There are 2 protein chains.
Amino acid sequence: MENPAESIISGMEAEGLRITVQRRLIAELFSSSRGFVLPRQVHTHISRHIPGVSYDTVYRNLRLLVQINLIEQFDFPDGVRFKLRCGPDHHHHHFICQSCHKTYPLDFCPVDQGIHPPDGFVIRSHKFEIYGLCGDCSRRPKED
Amino acid sequence: MENPAESIISGMEAEGLRITVQRRLIAELFSSSRGFVLPRQVHTHISRHIPGVSYDTVYRNLRLLVQINLIEQFDFPDGVRFKLRCGPDHHHHHFICQSCHKTYPLDFCPVDQGIHPPDGFVIRSHKFEIYGLCGDCSRRPKED
DNA sequence: CTCTATGCAAACCGTTTGCACGGAA
DNA sequence: TTCCGTGCAAACGGTTTGCATAGAG
């Protein structure tokens with residue numbers, strides 16, 4: 001797959017969706033972001049090219065991209081954030097920078113270690129994340 | 001420590017807070033809940049005894065209890081939820097039922113296994129949770 | 001030309017705030 | 001009697017909706 005933005009766009013096309021300038025810009029943003037972004041940041045990004053974009057277009061498309069599994073949603077203390085969905089190649093978790101919200105792969109899954117659930121508990125999913133400051137941010141703190 | 005509700009109340013007293021009926025009811029609710037509750041549920045609980053309670057009283061007290069570290073806050077897909085803070089005795093994680101939101105202790109911490117962060121990444125905290133259906137809910141699905 | 005995606009404006013929901021009063025200490 | 005906690009009502013911020021129009025296919 002060539003340009004990552006193109007793969008988001010062809011993913012949308014595969015779903016029969018129309019490719020508008022707004023959607024192209026959203027694809028661009030997610031393909032070039034190494035981490036989680038706020039709806040507000042998505043709106044700001046599109047605004048730079050289309051000054052009049054409305055928030056509902058942003059939210060509608062974010063919901064849509066989550067539904068068709070191209071991006072994923074995540075609750076942060078300062079609000080919901082989104083990031084490009086990781087390829088389905090291999091299961092992994094993430095280190096997440098609390099300053100710039102970039103993510104780094106973590107190739108270790110605690111569930112592989114054999115977890116013993118309480119009686120009758122049926123496991124459906126799990127979450128494992130490590131938070132902190134990435135190299136860039138710990139050297140030069142305070143930034144986003 | 002005798003009754004868990006009493007320990008919440010004495011925790012509040014220790015902070016110099018006044019013990020009102022509303023606060024006593026909140027303490028009662030958290031001490032008798034085995035899991036996460038929504039602000040709305042807190043409001044409903046108090047309402048049963050004080051029909052006119054206002055939502056701002058609920059939110060104010062929840063914020064307060066989080067600040068003085070007696071309860072903890074957690075983001076769920078359907079909104080923020082709160083639960084009694086686990087004792088500071090030993091570090092552990094939780095199995096969380098996606099139906100009734102009860103929690104079960106999980107005495108295994110992946111971070112003890114020696115995690116290797118990316119270059120320069122400073123770890124500050126981590127999250128490890130296992131989601132699913134508890135014994136009660138998997139037998140009798142759909143309920144809260 | 002058709003029908004989806006957008007912009008607009010208003011609604012919505014959970015949460016927060018300012019203020020005067022009631023009640024704990 | 002003091003002053004914290006409450007209720008009320010209104011404001012707030014993020015998100016969603018209904019509807020007419022613009023624009024992708």
Side-chain angles (χ1 to χ4, degrees), chain A residues 6 8-29 36-68 70-82 101, chain B residues 6 8-29 36-68 70-82 101:
Chain A
E6 286 311 317
I8 299 178
I9 288 170
S10 44
M12 290 197 274
E13 278 171 341
E15 295 283 332
L17 300 174
R18 295 185 178 174
I19 307 306
T20 61
V21 185
Q22 291 82 337
R23 290 182 172 169
R24 208 173 284 279
L25 287 165
I26 292 178
E28 218 176 69
L29 174 61
F36 290 97
V37 296
L38 294 165
R40 220 188 47 246
Q41 297 174 303
V42 177
H43 183 260
T44 302
H45 174 77
I46 309 181
S47 297
R48 275 195 271 274
H49 302 82
I50 309 176
V53 228
S54 58
Y55 259 99
D56 46 281
T57 294
V58 171
Y59 283 111
R60 264 189 298 243
N61 283 314
L62 289 175
R63 246 183 297 153
L64 200 67
L65 289 172
V66 168
Q67 274 170 29
I68 64 179
L70 291 177
I71 63 175
E72 57 191 322
Q73 183 175 339
F74 207 97
D75 290 316
F76 279 84
D78 63 340
V80 182
R81 287 175 177 265
F82 300 82
H101 299 94
Chain B
E6 286 310 316
I8 298 177
I9 288 170
S10 44
M12 289 197 275
E13 278 171 341
E15 295 283 332
L17 300 175
R18 295 183 179 177
I19 307 307
T20 61
V21 184
Q22 290 82 336
R23 289 182 173 168
R24 208 174 283 279
L25 287 165
I26 292 178
E28 218 176 68
L29 175 61
F36 289 98
V37 297
L38 294 166
R40 220 188 49 245
Q41 298 174 303
V42 177
H43 183 260
T44 302
H45 174 77
I46 310 182
S47 296
R48 275 196 271 273
H49 303 81
I50 309 176
V53 228
S54 59
Y55 259 100
D56 45 280
T57 294
V58 171
Y59 283 111
R60 264 190 298 243
N61 283 313
L62 289 175
R63 247 182 298 153
L64 200 67
L65 289 171
V66 168
Q67 275 171 27
I68 64 179
L70 291 177
I71 63 174
E72 58 190 321
Q73 183 174 341
F74 207 95
D75 289 316
F76 279 83
D78 63 340
V80 181
R81 287 175 177 264
F82 300 83
H101 300 93

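No hydrogens, no waters, no symmetry mates; every other heavy atom, side chains included, goes into these values. In what follows, chains are A, B, ... by sequence order, proteins preceding strands, each numbered from 1. Source: prediction; values computed, not measured.
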Checklist entry - Looking at B/F36, B/F76, B/F82, B/F74, which hits ring-ring contact (aromatic ring centres under 6.0 Å, His included) with B/H101? => result B/F76
Checklist entry - Between D/dG25 atom C1' and A/E15 atom CD, what is the distance in whole Å? => result 17 Å
Item to check | Close side-chain approach of A/N61 to A/L64, heavy-atom, < 4.5 Å | outcome: yes
Item to check | Spacing of B/H43 atom NE2 relative to C/dT16 atom P, expressed in whole Å | outcome: 15 Å
Checklist entry - Whole-Å distance between D/dG13 C1' and A/D78 CG? => result 13 Å
Checklist entry - Is any side-chain heavy atom of A/L65 closer than 4.5 Å to a side-chain heavy atom of A/I68? => result yes
Next on the checklist: In whole Å, I'd like the distance from the OH atom of B/Y55 to the C1' atom of D/dA11.
Outcome noted: 18 Å
Item to check | Beyond-backbone contact of A/L25 with A/V53, side-chain heavy atoms, under 4.5 angstrom | outcome: no
Next on the checklist: Among C/dG7, C/dT6, D/dC3, which nucleotide has an atom closest to any side-chain atom of B/R18?
Outcome noted: D/dC3
Checklist entry - Quick one: on DNA chain C, does B/R40 or B/D56 contact a more 5' nucleotide (nearest heavy atom)? => result B/R40
Checklist entry - Rounded to whole angstroms, how far apart are CD on A/Q41 and C1' on D/dG14? => result 15 Å
Checklist entry - If you look at every strand shown and take non-hydrogen atoms under 4.0 Å, does B/R23 touch a base, only sugar-phosphate, or nothing? => result sugar-phosphate
Checklist entry - Want to settle it: does B/R60 or A/T57 sit nearer the 5' end of DNA chain C, counting the closest nucleotide to each? => result A/T57
Checklist entry - With distance as the sole test, does A/R24 use its side chain to make a donor-acceptor pair with the main-chain N or O of A/I19 at under 3.5 Å? => result no
Next on the checklist: For a quick test of reading the model: is some side-chain N or O of A/R63 closer than 4.0 Å to OP1 or OP2 of D/dT16?
Outcome noted: yes
Checklist entry - Using a cut-off of 4.0 Å on non-hydrogen atoms, how would the nucleic acid contact of B/T20 be classed: base, sugar-phosphate, or nothing? => result sugar-phosphate
Checklist entry - Whole Å only: how far is the CD1 atom of A/I68 from the P atom of C/dA5? => result 10 Å
Checklist entry - Which part of the nucleic acid, if any, lies within reach of B/G52 when heavy atoms closer than 4.0 Å are counted: base, sugar-phosphate only, or nothing? => result sugar-phosphate
Next on the checklist: Rounded to whole Å, please give me the gap between CD in B/E13 and C1' in D/dG5.
Outcome noted: 15 Å
Checklist entry - Hey, is the side chain of B/Q22 poking within less than 4.0 Å of OP1 or OP2 on C/dG23, counting only N and O atoms? => result no
Checklist entry - How close or far is atom P of C/dA24 from atom CE of B/M12, stated in whole angstroms? => result 14 Å
